Amino acid sequence: YPPGMRGIRATLGPAGEALRLVMGDADLRNLTVAWLAVWAAKGAFLVANLVIAYGAGGPVAVGILGLATYLTPALLAPFASVPVARWPAERVLLASHGIRVAGVILAVGVIAAGAPIEALYLAVAIEAGAVSPTVDRFSERLECRPCGIVYEMPQPRLFSFCTDSM
């Protein structure tokens, strides 16, 4: 290799080895692929909605869509802990994701039907408003089977409510 490439290879070598270990474990590979698919779908949903909003009303429509996306969870977040305090976390998480799926399906239906842009704002607000609690207790202990490394998370928060970007 040329002299400049040797440094890059030495720097990226551990990352490549870690990637080989992760992809070698079927469970970690499935988790990684699912995680990448979720983020790709979120990005596609965001871009599609922004393009449609821009086509319908230009920058103003994109701004209103942004408000529907980020203002709704910000207003609902203070109340999101109420269901978690009353019902089992798994049910709350399932309901939250169910509402998000319904919002995405509604948005697809609105787009397919050629409905007014206001209906898309509503669908996006419903999807974004389902502030999903992240249950950290499912990931308190991380373990790499091939290398035997175990990582224990130090006293994680049980729930964190955030407005993930779509």
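All of these numbers come straight from a predicted model, not from anything done at the bench.
Residue Arg29 qualifies as enclosed at atom CZ: its count of foreign heavy atoms under 6.0 Å is above 12.
A pairwise comparison of heavy atoms in Ile117 and Ala53 identifies CD1-CA, 3.7 Å as the closest pair. The nearest pair of heavy atoms linking Tyr121 to Ala68 is O-CB, 3.8 Å. Closest approach of Ile99 to Ile126, counting heavy atoms only: CG2-O, 4.0 Å. Ala128 and Pro73 make their closest contact through O-CG, 3.2 Å (heavy atoms, listed as atom of the first residue, atom of the second, distance). Of all heavy-atom pairs between Thr72 and Ala125, the closest is CG2-O, 3.4 Å.
Proximity of Glu17 to Leu21: side-chain heavy atoms (C-beta onward) are separated by under 4.5 Å at one or more points. Between Lys42 and Trp39, the closest side-chain pair of non-hydrogen atoms falls below 4.5 Å.
Atom-to-atom distance recorded for Asn30:CG and Met23:CE is 9.5 Å, nearest 0.5 angstrom.
Both Ile111 and Leu50 sit in one connected hydrophobic cluster of ILVMFWY residues. Membership requires side-chain heavy atoms under 4.5 Å apart, directly or through other members. Leu46 and Ile52 fall within the same hydrophobic cluster, defined by Ile, Leu, Val, Met, Phe, Trp and Tyr side-chain heavy atoms under 4.5 Å apart, directly or through other members. Residue Tyr54 is grouped with residue Leu120 when hydrophobic side chains (ILVMFWY) are merged at heavy-atom distances under 4.5 angstrom, including chains of intermediate members. Both Val60 and Val62 are part of a single hydrophobic cluster, where members link through side-chain heavy atoms under 4.5 Å apart.
When the options Thr32, Val33, Val38 are evaluated for a side chain to side chain contact (heavy atoms under 4.5 Å, CB included) with Leu36, the one that passes is Thr32. Considering Thr69, Ile64, Val110 as possible partners of Val124, the one that fulfils the side chain to side chain contact (heavy atoms under 4.5 Å, CB included) test is Thr69.
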